[in-house]
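First the structure, in the form of structure tokens, and then the observations on it.
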Amino acid sequence: PPPPPPSPAPPPPSPPPPSPPPAPCGNVCGPGKSLRYDEDGGIDAQCVCVDVVKAQILLSTVTVESFNQTTRQLFKQQMADSLDTDASSIVIISVSAGSVVIEFLVQPLSGVVEFTESDSQEISSKLTNTDEKLLDEDIFGTYVVSSVETPQQAVANSMSPPPPSPSPPGSSGSDDNLGMIIGISCGAGALVVIAGGFFYRRNVMKVNPRQREGEAA
């Protein structure tokens, strides 16, 4: 008899199921802090809050379109060199028109989560010192650092009481006018009482002269 047909080959193993997406970071950082960013600009996998110095800079000749990935890396590297830190410490948060407004953070180096107050002040001083050259003007043009906030300033600002709410329009004037009216009314009433007593006394003296003479006799 003919040999039996060969057994069919077993099917290939099924591919493993895809890994679930990483769980979103649930940490909420307080004033003057932010989640640490990695070198690619995403949230670091360790999901840890670190001190940050927040700053905003205006570039006069750069456009949003020309601020591409290459220009972005140049910005981070030159800013890091000016602040004596690593490019991974410079985190660009937003780039918007006007001419170009760049909001960025300065975070501690890897393995460090806090800035000392002197470190924060040193970074702030370098950013606000107009004699300090932060960027190459041949590439970025003239620039102005419009705001800087250290972690210590952010904490102090969060503890400051909110300013009082402004009074509704016309309320202050109405209160002043009411007080003036009440004051005038009280003064006028007092004058009427004094004048009434004075005239009453004079009338009594005029109407009863004989009675006064009899009393004198």
Side-chain angles (χ1 to χ4, degrees), residues 19-60 62 64 67-137 139-140 142-164:
S19 302
C25 181
N27 279 359
V28 177
C29 303
K33 293 182 179 293
S34 171
L35 293 171
R36 183 187 292 280
Y37 288 80
D38 58 25
E39 294 183 359
D40 297 327
I43 300 298
D44 187 80
Q46 294 183 355
C47 194
V48 61
C49 293
V50 297
D51 282 352
V52 291
V53 175
K54 186 182 299 184
Q56 184 181 79
I57 188 170
L58 282 68
L59 308 180
S60 62
V62 179
V64 174
F67 197 78
N68 51 31
Q69 189 65 26
T70 301
T71 312
R72 182 182 293 257
Q73 291 301 321
L74 280 173
F75 176 90
K76 293 177 61 175
Q77 188 61 60
Q78 291 187 14
M79 187 63 70
D81 292 342
S82 300
L83 299 179
D84 296 327
T85 186
D86 188 77
S88 62
S89 295
I90 308 300
V91 181
I92 298 175
I93 299 300
S94 67
V95 179
S96 55
S99 300
V100 166
V101 181
I102 300 175
E103 294 186 8
F104 65 97
L105 306 176
V106 183
Q107 63 183 7
L109 295 173
S110 179
V112 182
V113 297
E114 293 183 348
F115 282 129
T116 65
E117 187 169 358
S118 61
D119 289 339
S120 300
Q121 291 300 326
E122 183 178 357
I123 294 172
S124 177
S125 298
K126 289 181 177 180
L127 288 172
T128 55
N129 184 1
T130 55
D131 295 330
E132 188 84 20
K133 184 178 180 181
L134 301 172
L135 301 171
D136 186 352
E137 294 187 355
I139 299 174
F140 297 99
T142 57
Y143 56 85
V144 175
V145 177
S146 56
S147 66
V148 177
E149 185 182 59
T150 66
Q152 293 77 18
Q153 290 171 333
V155 171
N157 292 338
S158 69
M159 298 173 63
S160 301

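The analysis underlying the following values was restricted to heavy atoms, covering all of them including side chains, and did not include hydrogens, waters or symmetry mates.
The backbone N or O of Ser89 lies less than 3.5 Å from no partner atom in the side chain of Asp86, so there is not a single donor-acceptor pair. Under the 3.5 Å distance criterion, the side-chain polar atoms of Ser120 are matched with a main-chain donor or acceptor of Thr116. Panel note: side chain Glu137, backbone Tyr143; no donor-acceptor pair is recorded below 3.5 Å. A distance-only check finds a donor-acceptor pair linking the side chain of Ser82 to the backbone of Lys133 [under 3.5 Å].
For the pair Val100 and Val95, the minimum side-chain heavy-atom distance is below 4.5 Å.
The number of heavy atoms from other shown groups lying within 6.0 Å of CD (Glu39) does not exceed 12. Remark: Lys33 NZ is packed, more than 12 non-hydrogen atoms of other residues, nucleotides or ligands lying under 6.0 Å away.
Of the listed residues (Ile90, Leu134, Leu135), just one forms a side-chain contact (heavy atoms from CB on, under 4.5 Å) with Gln78, and that residue is Leu135. Checking Val145, Val148, Val144, Val101 one by one against Ile57, the side-chain contact (heavy atoms from CB on, under 4.5 Å) holds for a single residue, Val145.
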Side chain to side chain contact (heavy atoms under 4.5 Å, CB included) assessment of Thr150 paired with Asp51 = CA-CA 9 Å; Thr150 66; Asp51 282 352; over 6 Å; no
Apply side chain to side chain contact (heavy atoms under 4.5 Å, CB included) to Gln46 and Arg36, showing your working.
-> CA-CA 8 Å; Gln46 294 183 355; Arg36 183 187 292 280; 5.7 Å; no
Take Gln56 and Ser146 through the test side-chain hydrogen bond (donor to acceptor under 3.5 Å, both in side chains) and record every step on the way to the result.
-> CA-CA 6 Å; Gln56 184 181 79; Ser146 56; 2.9 Å; yes
Quick one: do Phe75 and Ile139 satisfy side chain to side chain contact (heavy atoms under 4.5 Å, CB included)? Show the steps, please.
-> CA-CA 9 Å; Phe75 176 90; Ile139 299 174; over 6 Å; no
Does the pair Leu74 and Phe140 meet the rule for a side chain to side chain contact (heavy atoms under 4.5 Å, CB included), with working shown?
-> CA-CA 10 Å; Leu74 280 173; Phe140 297 99; 4.1 Å; yes
Can Asp81 and Gln77 be said to form a side-chain hydrogen bond (donor to acceptor under 3.5 Å, both in side chains), step by step?
-> CA-CA 6 Å; Asp81 292 342; Gln77 188 61 60; 3.0 Å; yes
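Summarising the geometry of Pro151 relative to Gly32, their closest heavy-atom pair is CB-O, 3.6 Å, with the distance given to 0.1 Å. Minimum interatomic distance between Tyr37 and Gly41 (heavy atoms only, all atoms of both residues): CD2-O, 3.3 Å. Contact record, Val52 with Ser34: CG1-CB, 3.8 Å, taken as the closest heavy-atom pair.
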